[in-house]
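For reference, the structure discussed in these notes is given below.
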Amino acid sequence: MYRELQTRLSERIRHVLRELYGIENFCIVIEQPPRVELGEYALPLGFELARKLRQPPRKIAEQIVAALGGLEGFQGFEIAGAGYINARLDRSGAARALIDETELPDPPPCHPAEILVEHTSINPNKAAHIGHLRNAILGDTFVRLLRAGGHSVDVQNYIDNTGVQVADVVAGLLFMERRSKEEILRMAEADARFDYTCWDVYPRVSQWYEQSSENAARRAEVLHAIEAGGNDIAEIAAAVSTSVVRFHLRTMQRLGIEYDFLPRESEIIHLHFWELAFQQLKEKGVVYKETAGPKAGCWVARRPRPLGAAAAGVGEEEDTKVIVRSNGTVVYEGKDIAYHLWKFGLLGRDFGYRRFYHYPDGRTCWMSAEESEAGHPRFGGAHEIYNVIDARQAEAQHTVVEALRGLGHAAAADRYHHFSYEMVALTPRCATELGYPLTSDDMARAYIEVSGRKGFGVKADDLIDLMIGSAQKEVDARHAELAAEERRSIAEQIAIGALRYFMLKFTRNSVIAFDFKEALAFEGETGPYVQYAVVRAGNIFRKAGISPVEALDPAADFQRWFSGETGAEIWELWLAAGKTTYVVEQCISSQEPAYLAKHAFQLAQLFSNFYHRHHILNEADDERRRFLLATASVAHRELIRTLGVLGISAPPVM
RNA sequence: GGGGGCGUAGCUCAAGAGGAUAGAGCACCGGCCUUCUAAGCCGGGGGUUGCAGGUUCGAUUCCUGCCGCCCCUACCA
């Protein structure tokens with residue numbers, strides 16, 4: 001509702017500017033007045049045009065208001081302050097428009113989809129931790145936002161199954177723990193917490209490497225065997241990584257996160273994606289062979305010079321990034337270039353596809369393979385891509401984008417988005433609680449970085465379990481009358497709501513200093529606060545004996561109820577409810593899901609306030625009662641819709 | 001050294017593409033449960049937006065310079 005009316009206003013203003021001043025292509029800024037009494041939209045147009053037209057802002061505003069006349073859906077326009085034009089909505093009309101807004105279903109899946117989002121992408125050598133949760137929750141929420149915005153989206157989770165991280169765990173199991181191939185294969189198959197087992201093995205391997213040069217040599221040995229394929233070590237590595245990936249999928253499934261496709265590095269290697277990309281890179285001169293200096297024998301790419309460092313002149317060295325090492329092996333960025341050419345359909349080769357995982361909702365998660373299974377969909381060839389990757393990898397992402405540009409794929413490069421976010425770290429207090437010894441320097445820091453290599457961090461499933469347990473206690477205390485199974489289900493919904501909201505309430509470039517106390521909070525600006533508002537709204541309809549939909553009469557005229565101070569307060573709730581689509585769009589264009597979390601909270605806050613002030617079921621005036629019920633219904637619907645996009649469901653009772 | 005990010009209430013964070021009196025939550029203090037669920041609501045104290053300049057009608061936001069913290073800057077992935 002809010003978005004459509006804003007568009008209408010914007011178009012009308014554009015028309016008026018053309019008629020009045022002959023101004024075209026002016027960027028019309030539309031804001032919101034500080035208080036709703038001043039109207040629903042504010043235009044600082046007078047200020048912006050003052051210089052251009054050599055007239056005082058207020059005068060310009062007067063001319064524009066006079067030219068605007070009436071506009072459907074608007075009650076009128078007025079000038080405020082030194083030259084703002086404020087627009088007032090026809091509240092009753094806007095309310096009817098909002099009542100009519102029924103939820104649009106997500107677009108049906110189609111492959112390949114218009115947009116490709118890559119997220120999660122955890123090294124398959126250990127259990128997921130809280131940092132991975134932030135990635136997956138941000139990525140999944142962004143996918144939901146895009147789908148809510150009407151886009152078709154494929155979700156990919158890149159599996160680096162041939163890298164050193166997997167090699168380290170394999171070396172650890174095989175050579176450090178001296179386990180047999182059969183034993184490791186059995187563990188990968190049967191160990192109920194194989195991801196946790198690996199979590200414990202991994203940090204010990206680093207120490208073991210340091211004990212002797214023979215130990216250290218195992219890393220390269222294993223790595224090479226994995227890359228070569230067709231040997232016992234490669235078989236073990238495949239079993240280990242595939243098993244861990246399954247654990248990751250299960251962990252994420254607990255949070256409602258699903259994937260369409262898992263492209264693996266092993267296929268990028270074995271299907272020779274890199275060779276194709278290398279050919280293109282050489283032909284276009286994006287990479288060249290270094291003949292002298294420390295990088296002699298390497299194929300390198302020029303690094304675009306940062307804007308600031310241009311004029312230095314003296315002692316300038318060519319700044320290059322190695323793509324192929326002097327021993328002929330390709331660095332990670334090289335494989336990534338090939339992979340991203342594929343994402344845009346520019347490589348000239350496709351993966352094979354096989355079924356890997358089936359979700360209860362019927363969706364299939366596919367995995368890359370050398371040979372395709374019958375009936376497979378296609379992925380890649382996307383129009384636009386988003387990579388949910390933490391901010392520390394900005395440089396590597398930049399290298400890939402510039403390579404695409406260098407290859408002449410400028411349009412693709414422009415549609416390549418690094419969806420960057422900051423890491424999740426631990427507060428020193430939290431680290432201490434977990435039993436990690438800290439130096440006094442560490443204690444003074446704002447946060448301590450988690451490290452899988454050191455085994456230092458909070459495992460995702462542990463956190464989820466802890467949160468469910470905490471919610472369970474509350475549910476048990478409040479609803480002893482419910483069956484255990486139902487209490488469990490409610491506790492899960494609350495825990496997931498709390499966790500997802502917690503990861504989304506911070507803007508992307510803010511480091512989250514993780515703390516159990518804050519993450520486990522169910523009061524204040526939290527997911528459960530929003531869920532609670534939904535539950536309370538639901539109770540009203542249950543007790544009133546009607547459904548929320550029945551409470552909405554499209555023909556109703558609520559004009560009289562929106563006037564006065566009380567009316568204005570209630571109108572604020574309607575207005576906020578009408579902004580969901582608007583906020584969704586803002587989130588997409590700014591790549592910032594936190595705005596939607598904020599919207600959910602504000603809506604819940606307004607509703608809680610309304611709930612407290614107006615006792616609906618006791619309302620004697622029948623017409624007013626209907627109005628209040630409609631208000632609760634619209635709030636209820638938009639809260640559920642917003643939570644849905646955040647990946648949070650509301651339990652029936654709390 | 002170079003590149004990037006950050007600095008806002010005691011703490012954790014907002015401020016929607018420069019706008020009207022800088023807002024929330026937590027914590028603290030004080031009120032509200034025979035009412036549609038108190039995981040809630042109301043009230044209170046709390047700020048020189050790191051410092052100094054500049055740009056303009058107007059700056060937490062843009063520019064410059066300092067101070068402080070963090071990340072990146074591998075023939076690791």
Side-chain angles (χ1 to χ4, degrees), chain A residues 27 29 31-35 38 42 44 46-48 50-51 56-57 80-84 123 160 162-167 223 265 290 294-295 297-300 303 306-309 312 319 321-327 329 331-333 335-336 390-396 420 422-423 425 427 445-447 449 471 474-475 478-479 494 505-507 509-513 515 517-518 521-526 528-529 531-533 535-544 582-583 586-587 589-590 592 594-595 598-599 601-602 605 608-609 611-618 632 653-654:
Chain A
C27 176
V29 176
E31 299 162 349
Q32 283 147 52
R35 295 178 307 280
L38 297 171
F47 305 110
E48 288 158 16
R51 168 166 298 208
Y84 281 98
N123 272 302
D160 181 4
T162 58
V164 288
Q165 293 217 18
V166 169
L223 194 54
E265 188 165 272
E290 196 73 82
K295 291 173 184 171
C298 297
W299 288 84
V300 301
R303 215 169 248 169
L307 289 161
D319 190 14
K321 168 75 192 126
V322 171
I323 303 295
V324 182
R325 303 184 189 96
S326 53
N327 68 5
T329 57
V331 302
Y332 167 77
E333 285 89 342
K335 288 173 231 171
D336 225 22
D390 84 78
R392 289 169 291 190
Q393 297 197 50
E395 193 70 35
S420 157
E422 273 292 351
M423 62 184 166
T427 60
R445 294 161 77 98
Y447 50 81
E449 196 174 343
E474 294 292 328
V475 176
R478 289 160 202 251
H479 297 286
I494 292 169
K505 70 193 275 194
F506 303 91
T507 49
N509 59 3
S510 159
V511 175
I512 298 181
D515 191 75
K517 190 162 160 282
E518 269 186 71
F522 296 153
E523 293 169 15
E525 196 194 336
T526 65
Y529 175 92
Q531 292 172 315
Y532 190 61
V535 168
R536 299 223 284 191
N539 283 342
I540 296 170
F541 298 108
R542 192 168 40 77
K543 292 239 171 164
Y582 170 78
V583 176
Q586 297 269 312
C587 291
S589 64
S590 58
E592 185 51 88
Y595 298 150
K598 188 66 79 183
H599 173 67
F601 177 65
Q602 280 168 350
Q605 230 176 5
S608 295
N609 201 326
Y611 178 91
H612 180 257
R613 280 189 200 172
H614 308 285
H615 201 276
I616 298 174
L617 300 181
N618 286 357
V653 296
M654 281 177 78

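Predicted, not measured: the structure shown is a model, and the values here were computed from it. Scope of the values below: all heavy atoms of this structure, side chains included, with no hydrogens, waters or symmetry mates.
Note on A:Tyr582: a base of the nucleic acid sits closer than 4.0 angstrom, heavy atoms only. Nucleic acid contact class of A:Glu592 (heavy atoms, under 4.0 Å, all strands): none. Counting any heavy atom pair closer than 4.0 Å across all strands shown, A:Pro56 reaches no nucleic acid atom. Residue-level contact check: A:Ala42 touches the bases, meaning some heavy atom is under 4.0 Å from a base atom. Within 4.0 Å of A:Val583, counting heavy atoms only, lies no atom of the nucleic acid at all. Using a 4.0 Å heavy-atom distance criterion, A:Val300 is classed as making no nucleic acid contact. Heavy atoms of A:His614 sit under 4.0 angstrom from at least one base atom. Within 4.0 Å of A:Asp160, counting heavy atoms only, lie sugar-phosphate atoms of the nucleic acid but no base atom. At the heavy-atom level, A:Ile512 lies nowhere under 4.0 Å from the strands shown.
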Full working for salt bridge (charged side-chain N to carboxylate O under 4.0 Å, His left out) between A:Arg392 and A:Glu449: CA-CA 12 Å; A:Arg392 289 169 291 190; A:Glu449 196 174 343; 2.2 Å; yes
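The A:Tyr532 side chain lies nearest to B:A39 when the options are B:A39, B:C36, B:C41. Picking from B:A39, B:A38, B:A20 the nucleotide with the shortest atom distance to the side chain of A:Val475 gives B:A39. Of all nucleotides listed (B:A77, B:A20, B:C41), B:A77 comes nearest to the side chain of A:Gln393. Among the nucleotides B:A20, B:C75, B:C41, the one closest to any side-chain atom of A:Pro34 is B:A20. Considering only side-chain atoms of A:Glu518, the nucleotide from B:U12, B:A20, B:C76 that sits closest is B:U12. Closest to the side chain of A:Tyr529, out of B:A38, B:C41, B:A39, is B:C41.
Residues A:Tyr529 and A:Ser608 have side chains in contact (heavy-atom distance under 4.5 Å, counting atoms from C-beta outward). Side-chain contact check for A:Gln605 versus A:Glu525: every heavy-atom pair is 4.5 Å or farther apart. Residues A:Asp160 and A:Gln165 fail the side-chain proximity criterion, which asks for heavy atoms closer than 4.5 Å. Between A:Tyr447 and A:Met423, some side-chain heavy-atom pair lies under the 4.5 Å cut-off. When side chains are defined from C-beta on, A:Tyr332 counts as touching A:Gln393, because their heavy atoms get closer than 4.5 Å.
For A:Arg445, no side-chain nitrogen or oxygen approaches OP1 or OP2 of B:C69 to under 4.0 Å. OP1 and OP2 of B:C41 both lie 4.0 Å or more from every side-chain N or O belonging to A:Arg536. Under 4.0 angstrom from either OP1 or OP2 of B:C6 there lies at least one side-chain N or O belonging to A:Asn509. At B:G40, none of the side-chain N or O atoms of A:Gln605 fall inside 4.0 Å of OP1 or OP2 (strictly under the cut-off). The shortest distance between the side-chain N/O atoms of A:Tyr595 and the OP1/OP2 oxygens of B:A15 is below 4.0 Å. At B:A20, none of the side-chain N or O atoms of A:Arg35 fall inside 4.0 Å of OP1 or OP2 (strictly under the cut-off).
In terms of position on RNA chain B, the residue among A:Tyr332 and A:Asn609 whose nearest nucleotide sits closer to the 5' end is A:Asn609. Where A:Ser589 and A:Glu523 meet RNA chain B, the nucleotide closest to each residue was compared, and A:Ser589 sits on the side nearer the 5' end.
Rounded to an integer number of Å, the gap from A:Tyr611 OH to B:C32 P is 20 Å. Going from atom NZ of A:Lys321 over to atom C1' of B:U73 covers 10 Å, rounded to whole Å. Across the protein-nucleic acid pair, A:Phe506 atom CZ and B:G25 atom P stand 15 Å apart, rounded to whole Å. As rounded to whole Å, 13 Å separates atom P of B:C70 from atom CD of A:Glu422. If you take CD of A:Glu395 and C1' of B:G5, they are 14 Å apart, rounded to a whole angstrom. Here the C1' atom of nucleotide B:G25 and the CD atom of A:Glu525 are 6 Å apart, to the nearest Å. In this structure, A:Ile540 places its CD1 atom 11 Å from C1' of B:U37, rounding to the nearest Å. With rounding to whole Å, A:Glu333 atom CD is found 10 Å from B:A74 atom C1'.
Put simply, A:His615 rests on the base of B:C36: the two rings are less than 5.5 Å apart at their centres and nearly parallel, under 30°.
Using a 3.5 Å distance cut-off with no hydrogens or angles, the side chains of A:Arg536 and A:Asn539 do not pair a donor with an acceptor.
Base pairing analysis places B:C66 opposite B:G50; the two distances defining the Watson-Crick or G-U wobble pair are each below 3.5 Å. Remark: B:C41 base-pairs with B:G31. Criterion, Watson-Crick or G-U wobble with two distances under 3.5 Å. Pairing for B:C26 goes to B:G10, judged as Watson-Crick or G-U wobble with the two contacts each under 3.5 Å. Applying the Watson-Crick and G-U wobble criteria (two distances, each under 3.5 Å), B:A15 pairs with nothing in any strand. Figure legend. B:U21 is base-paired to no nucleotide; pairs are counted as Watson-Crick or G-U wobble with both atom distances under 3.5 Å.
Residue side chain A:Ser326 reaches the base of B:C75 through a donor-acceptor N/O pair under 3.5 Å, judged by distance alone.
Taking the C1' atoms as reference points, B:G50 lies 49 Å from B:C36, given to the whole Å.
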